[in-house]
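Okay, so here's the structure we're looking at.
Every heavy atom of this structure was used, including side-chain atoms; hydrogens, water molecules and symmetry mates were not.
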Amino acid sequence: MSDAAVPTVSLEGIHKVFGEVHALRGVDLTIGKGEVCVAIGPSGSGKSTLLRCINQIEKISAGRVRINGELQGYDERNGRLHEISPRRIARQRRKTGMVFQRFNLFPHKTALENVTEGPTQVKRIPKAVALKRGRELLDRVGLVDLADRYPNQLSGGQQQRVAIARALAMDPEVMLFDEPTSALDPELVGEVLDVIKDLARSGMTMMLVTHEIGFAREVGDHLVLMDHGVIIEEGAPKEMLERPKNPRTQAFLSKVL
């Protein structure tokens, strides 16, 4: 298979069990290079857990996660999986930039320092190089003029845009967004969605969990609806939102559209 044909993200039979809760039940999904995959569905359906498994925040219970063809978290020898070292897992996790509902910025560091922390401390990039790149990324999300402000001096929308810049600073191969606007006041949602739209136009591969159905229709290339830990239906957003085939998809969309 040529590099162009290898999906950026490939999930095969992903299961995740928390005690007696079977959160993911055999999820198969591929996300091609430059594709924007949007996951919707009721609360508790496994959407956020799936993102956390891709990012290796959560260890899968069964299945295989691959990013650009590389198996994540394990080596496979003679059909058997063997866990890799925490150091190798940490290196693999750099391939995925994760943006959470809550911004999780370092409160004692400025916006610019938040963005440069990973490149300088983890990737050992020279500080001058990281600062230049950090300012470029803050400019990209419309915040270069606020580079020296601390998180408590920024609005929720501005903090989330800093969080996006921080994730981009690690040069990820895929960006994961876990309901990035759900903690924001309604008037601040648009500024964050505009940044994500810009990333989509630039060709960034992304998976986005959101309740913003209109945004899913506008920016998504691939829409999946999850319920009870499985993908119920997937397809092109416009087609699926206007002509859903599965009765459970129809029932969910009737409540949110």
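Separating the OG1 atom in Thr30 from the CG atom in Leu11 is a distance of 8.5 Å, to the nearest 0.5 Å. Atom CD1 of Ile60 and atom OH of Tyr74 lie 5.5 Å apart (nearest 0.5 Å). Interatomic distance, CZ of Arg133 versus OG1 of Thr120, reported as 14.0 Å (0.5 Å rounding). Expressed to the nearest 0.5 Å, how far CD of Gln72 lies from CG of Asn55 amounts to 9.5 Å. A distance of 13.0 Å separates NZ in Lys123 from CZ in Arg91, rounded to the nearest 0.5 Å. The line from CZ of Arg161 to CG of Leu137 is 14.0 Å long, rounded to the nearest 0.5 Å.
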Check the pair Met98, Arg52 against side-chain contact (heavy atoms from CB on, under 4.5 Å), reporting the backbone distance first and the verdict last. CA-CA 9 Å; Met98 185 96 172; Arg52 295 169 73 89; 4.1 Å; yes

Decide yes or no on side-chain contact (heavy atoms from CB on, under 4.5 Å) for Leu176 and Val174, but give the supporting numbers first. CA-CA 7 Å; Leu176 307 172; Val174 58; 4.2 Å; yes

Lys33 vs Glu173, test: salt bridge (charged side-chain N to carboxylate O under 4.0 Å, His left out). Steps then yes/no. CA-CA 9 Å; Lys33 182 175 176 59; Glu173 296 171 26; over 6 Å; no

Stepwise side-chain hydrogen bond (donor to acceptor under 3.5 Å, both in side chains) check, Asp227 with Ser45: CA-CA 4 Å; Asp227 194 17; Ser45 59; 5.6 Å; no

side-chain contact (heavy atoms from CB on, under 4.5 Å) between Leu24 and Met226, worked out: CA-CA 10 Å; Leu24 298 174; Met226 293 187 66; 3.8 Å; yes

Using side-chain contact (heavy atoms from CB on, under 4.5 Å), reason through Thr116 and Gln121 one step at a time and then give a plain yes or no. CA-CA 8 Å; Thr116 59; Gln121 299 300 314; over 6 Å; no

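When the options His82, Arg88, Arg80 are evaluated for a side chain to side chain donor-acceptor pair (under 3.5 Å) with Asp75, the one that passes is Arg88. Partner of Cys37 under the side chain to side chain contact (heavy atoms under 4.5 Å, CB included) criterion, out of Leu29, Leu208, Asp221: Leu29 alone. Paired with Gln56 under the rule side chain to side chain donor-acceptor pair (under 3.5 Å), one option of Gln92, Lys95, Arg93 passes, and it is Gln92.
Between Leu146 and Gln158 there is a side-chain heavy-atom pair separated by less than 4.5 Å. In this structure, Val36 and Ile196 have side chains that are not in contact, with every pair of non-hydrogen atoms separated by 4.5 Å or more. Between Leu168 and Met175, the closest side-chain pair of non-hydrogen atoms falls below 4.5 Å. Two residues are said to be in side-chain contact when any heavy atoms from C-beta on lie closer than 4.5 Å; Met170 and Val122 meet this criterion. Taking 4.5 Å as the limit, every side-chain heavy atom of Ile40 sits out of range of all side-chain heavy atoms of Val256. Using a 4.5 Å heavy-atom threshold, the side chains of Asp171 and Arg94 count as separate.
A salt bridge does not link Glu70 with Arg66: none of the charged nitrogens is closer than 4.0 Å to a carboxylate oxygen. We find that Glu239 and Arg217 are not joined by a salt bridge, their nearest charged nitrogen and carboxylate oxygen being 4.0 Å or further apart.
Under the 4.5 Å side-chain heavy-atom criterion for ILVMFWY residues, no single connected hydrophobic cluster contains both Val38 and Leu50. Hydrophobic cluster membership differs between Val27 and Val21, with clusters built from Ile, Leu, Val, Met, Phe, Trp and Tyr side chains linked at under 4.5 angstrom. Hydrophobic clustering (ILVMFWY, side-chain heavy atoms < 4.5 Å, transitive): Phe177 and Leu51 are in distinct clusters. Hydrophobic clustering (ILVMFWY, side-chain heavy atoms < 4.5 Å, transitive): Ile31 and Met206 are in distinct clusters. The hydrophobic clustering, which links ILVMFWY residues whose side-chain heavy atoms are closer than 4.5 Å, places Leu188 and Phe103 together.
Checked by atom type, the side-chain pair Ser202/Arg140 shows a donor-acceptor distance below 3.5 Å. Side-chain atoms of Thr249 and Glu233 include a donor-acceptor pair closer than 3.5 Å.
For residues 142-151, no pair satisfies side-chain hydrogen bond (donor to acceptor under 3.5 Å, both in side chains), with sequence neighbours left out.
Although no hydrogens or angles enter the test, the distance criterion places no donor-acceptor pair under 3.5 Å between the side chain of Glu12 and the main chain of Ser10. Looking only at distances, a side-chain donor or acceptor of Asn114 sits under 3.5 Å from a matching main-chain atom of Phe106. Under a 3.5 Å cut-off, the side chain of Asn246 and the backbone N or O of Arg248 do form a donor-acceptor pair. In this structure, Lys47 contributes its side chain and Pro42 its backbone to a donor-acceptor pair below 3.5 Å. Without hydrogens or angle criteria, Gln160 side chain to Pro180 main chain gives a donor-acceptor distance under 3.5 Å. Of the possible polar contacts, one joining the Ser182 side chain to the Glu179 backbone as a donor-acceptor pair under 3.5 Å is found. Of the possible donor and acceptor atoms, none in the side chain of Glu218 sits under 3.5 Å from a partner among the backbone N and O of Phe215. A distance-only check finds no donor-acceptor pair linking the side chain of Asp178 to the backbone of Ser48 [under 3.5 Å]. A donor-acceptor contact shorter than 3.5 Å is absent between the side chain of His15 and the backbone of Ser61.
The number of heavy-atom neighbours closer than 6.0 Å to NZ of Lys127, taken from other residues, nucleotides and ligands shown, is 12 or below. Dense packing is recorded around NE2 of His22, with more than 12 heavy atoms of other residues, nucleotides or ligands lying under 6.0 Å away.
The heavy-atom pair separating Val65 from Ile54 by the smallest distance is CG1-CA, 4.3 Å. Between Val195 and Val141 the shortest heavy-atom distance is CG1-CG1, 3.7 Å. Considering every non-hydrogen atom in both Asp28 and Ile231, the closest pair reads O-CD1, 3.6 Å. Nearest heavy-atom pair across Lys197 and Val219 is CA-CG2, 4.2 Å. When all heavy atoms of Ala167 and Val99 are compared, the pair lying nearest together is CB-CG2, 4.1 Å. Ala130 approaches Pro119 most closely through the heavy-atom pair CB-CB, 4.3 Å.
Relative to the six-membered ring of Phe18, Lys16 meets both conditions, a distance below 6.0 Å and an angle of at most 45° to the axis.
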